[in-house]
Participant: 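Quick one: structure below, then a few questions.
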Protein chains: 2
Amino acid sequence: MPASLKDVAARAGVSVGTVSNVLNRPDRVAAPTRARVESAIHELGFVPNAPARNLRAQRAQVLGLVVPDISNPFFTDVARGVEDAALDAGYSVMLCNTDEQAAREDRYLTILESQRVSGIIITPARQTLRPLDRLLARGVAVTLLDSPRRGSEVCSVSVDHETGGRLAVGHVSSLGHRRIAWVAGPRDIPQVAAREDGVREYAREHGLTVTALPAESMSAAAGEEAVRRALAQGLDATALVCANDLIAVGAMRALRDSGLRVPGDMSVIGYDDIDFAASAAVPLTSVRQPRYELGRAAAELVVGECRDRSTHVHRHMDFQPTLVVRASTAPAPDRGTSTTASASTRPPVEEPR
Amino acid sequence: MPASLKDVAARAGVSVGTVSNVLNRPDRVAAPTRARVESAIHELGFVPNAPARNLRAQRAQVLGLVVPDISNPFFTDVARGVEDAALDAGYSVMLCNTDEQAAREDRYLTILESQRVSGIIITPARQTLRPLDRLLARGVAVTLLDSPRRGSEVCSVSVDHETGGRLAVGHVSSLGHRRIAWVAGPRDIPQVAAREDGVREYAREHGLTVTALPAESMSAAAGEEAVRRALAQGLDATALVCANDLIAVGAMRALRDSGLRVPGDMSVIGYDDIDFAASAAVPLTSVRQPRYELGRAAAELVVGECRDRSTHVHRHMDFQPTLVVRASTAPAPDRGTSTTASASTRPPVEEPR
DNA sequence: TAGGGTTGTTGAAACGATTCAATCACCCTA
DNA sequence: TAGGGTGATTGAATCGTTTCAACAACCCTA
């Protein structure tokens, strides 16, 4: 039923080769012929068969986007950037949500291999690039997303999380906080490890105390639970530096439920500057990452590599995070004094957008 | 370089047909042969070529997910549901973000047609199913997502938005509010129109006044702007019923900036119950939709139709929204009295999860 | 006018899987 | 032992493109 090249060729009275040329190298075809073919295409409603084209070409005009969790607003914005850039370049995007499960990631990588995708943008679920080897051997363009660069076999785009960590702790430090708690998900998430490195490094350089409050995952629920536990055990800190905004939101929930005030009793700073950071119970100070741009850049790198495999050199793009100061951070209370901070001690609120 | 069926066949000393049988009808192959083939597959690291299979099969094991805006948390959760169900059924998901632009939607539909996807889950950018006709004619399974059912040519899953609208306005009505403002994006978005119908219908039945505050889009910025404008012009209402949570969040920002208190001076209710509704400056009362389930159901319907085209009958699944009462709604202030409501007049806060 | 360039068009061979009629190798029974 | 039946395997056609060597038609120049 659906029209094929052959049907178009028959209708236009030319060979299939010519129709193919009209599609792919219009300049090689004489104007009158081209016109005839084009109207045949139009009349038959011909839409090229991508699988056939991909079979012949040995690769599909498709990119795989492999992320741990698309419902994390960070990846959501990245996905938009990837998708826009891909569409501009004539590629489609296959969405692969790993849930941070290695098995699911493996499964998806096999599917992408089977689909013969041209490129993959991935935030790997684990430290090793091992599962990607097979794809790389096949010549698939891979770009690591927000994941520490490893070797020079692939491109990568990332945010400088170490700087991000330093930025966060530096901010509360400049407000006079000396005892800091670092609330984070599992350290085997590379981005988290880098942020923590930045935090600890800065703390060491400036003589700050850092207590780690381990959270089960990077979710609000986990952040809430971690802080609740720490409070029950008598947490000694005046500022919570959180590994991401979800954790920070959870942390603030736990603080509120314990009757502690943010930022009066405890300053809280997040990471990611998700859309709702500005609208949280107390607008959240955070570290902003250029998410959409990150996604766009990743897709552009991959497409660039696909387009010109020979001259391509792998690049590492580092995006710098920026501090967004809102209301959840304030000068440290004097040790031993009242836990109620007056509103007038708050720093001015900056609300970009 | 990559191994093909032929390579596997050669290695195992059988014909390609047999290898194909091992893959697709293992029971047709004698055990020893099967073992030999399987180890050849393993040794060569053979991964089937999906384009070739799809070319032959005339359709790809792929579903298209066409949504207006993946960064809207509603669609994000739907996407997860779709993706999980698709993966379970052996399908991949192609992500298509239309930005509510008809042209972009058309472009994506053509791409999906070209890819020969088996099914499409779509929230159309406009009222008509016209752009889908071509796909339907081709036998592609289509399921409408959260969009009014039209005709019986396709399946659909949706939330009963009219009930949702009634639920929202019914809630504030039961708190004593008589003058309501309806804050909404463009009415040509069908879901919004349905919610509005529910609101107006209920208001008519109960003698409430409804003022419409048109917002440019379904975003926080638009909600903020709409309410800001209305306040400047002397809005006469005690409750804002918002077409979604993003708008509600924006509305609350505008109220806060104008020195109005929520819910003391103005009750606000949203729609969608996105993740952050519970953590907003004032925890937001909202209407919850079963988002993930909606996505799963949509994907299952599509897959069901793909699997058994002959006996398939189109179904419409209606999911019922539920009211989630939090702190942003309170009894209406007495007409003409102080604009400051005491905390004790608030209804008890219910925080499900 | 023969020969050499251009320019346009053709036809057939891939690409890698699926499918199905045909064949083969057995075993069982009459 | 011939013949029928069963189960396993094969081989070739097919899906719809792309690509490229070969060919055709034409003009230009020597």
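Everything quoted here is computed from the prediction, not taken from an experiment. Below, each value reflects all heavy atoms present in this structure, side chains not excepted, and no hydrogens, waters or symmetry copies. Just so we're on the same page: letters track the sequence lines, and every chain starts at 1.
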Participant: Without decimals, in angstroms, what is the distance between R34(B) CZ and dT9(D) C1'?
Facilitator: 14 Å
Participant: Is a side-chain donor or acceptor of R25(A) paired with a backbone partner of V22(A) at a separation under 3.5 angstrom?
Facilitator: no
Participant: Just how far, in rounded Å, is C1' of dT10(D) from CG of N21(B)?
Facilitator: 10 Å
Participant: With nearest nucleotides of DNA chain D determined for V47(A) and R36(B) from heavy-atom distances, which residue corresponds to the more 5′ nucleotide?
Facilitator: R36(B)
Participant: Take Y108(A) and N97(A) through the side-chain hydrogen bond (donor to acceptor under 3.5 Å, both in side chains) test and state the conclusion after the steps.
Facilitator: CA-CA 8 Å; Y108(A) 265 127; N97(A) 224 33; over 6 Å; no
Participant: For a quick test of reading the model: is some side-chain N or O of S20(B) closer than 4.0 Å to OP1 or OP2 of dT19(C)?
Facilitator: no
Participant: dT10(C) C1' sits how many Å from L5(A) CG, rounded?
Facilitator: 14 Å
Participant: Grab the NZ-C1' distance between K6(B) and dA12(D) for me, whole Å please.
Facilitator: 13 Å
Participant: Start with the C-alpha distance between N49(B) and S4(B), add both sets of side-chain angles, then the distance that settles side-chain hydrogen bond (donor to acceptor under 3.5 Å, both in side chains), and finish with yes or no.
Facilitator: CA-CA 8 Å; N49(B) 183 310; S4(B) 75; over 6 Å; no
Participant: Using whole Å, report how far CZ of R28(A) lies from P of dT18(D).
Facilitator: 15 Å
Participant: Counting side-chain heavy atoms from CB outward, which of dC15(D), dT17(D), dG11(D) is closest to L55(B)?
Facilitator: dC15(D)
Participant: Rounded to the nearest angstrom, tell me the gap between atom CG in N54(A) and atom C1' in dC15(C).
Facilitator: 11 Å
Participant: Find which nucleotide of DNA chain C each of R56(A) and N49(B) is nearest to by heavy atoms, and output the residue with the more 5' nucleotide.
Facilitator: R56(A)
Participant: Could you check whether R53(A) gets within reach of a base, just the sugar-phosphate, or nothing at all, counting any heavy atom under 4.0 Å?
Facilitator: sugar-phosphate
Participant: Does the side chain of T18(B) get closer than 4.0 angstrom to OP1 or OP2 of dT10(D) through an N or O atom?
Facilitator: yes
Participant: Regarding D133(A) and R138(A), does a basic nitrogen lie under 4.0 Å from an acidic carboxylate oxygen?
Facilitator: no
Participant: Can R296(B) and D88(B) be counted as an ion pair, charged N to O under 4.0 angstrom?
Facilitator: yes
Participant: Indicate, with a heavy-atom threshold strictly under 4.0 Å, whether P48(B) touches base, sugar-phosphate, or nothing.
Facilitator: sugar-phosphate
Participant: Measure from the side chain of A52(B), starting at C-beta and using heavy atoms only, and say which of dT10(C), dT19(C), dA17(C) lies closest.
Facilitator: dA17(C)
Participant: Grab the CZ-C1' distance between R116(A) and dT17(D) for me, whole Å please.
Facilitator: 17 Å
Participant: With a cut-off of less than 4.0 Å, is there a side-chain N or O of N24(A) near OP1 or OP2 of dT18(D)?
Facilitator: yes
Participant: dG16(C), OP1 or OP2 - any side-chain N/O from S4(B) closer than 4.0 Å?
Facilitator: no
Participant: Could you state the CG-C1' distance from D27(A) to dT9(C), rounded to the nearest angstrom?
Facilitator: 15 Å
Participant: So, is Q58(A) close to the dT18(D) phosphate, meaning a side-chain N or O under 4.0 Å from OP1 or OP2?
Facilitator: no
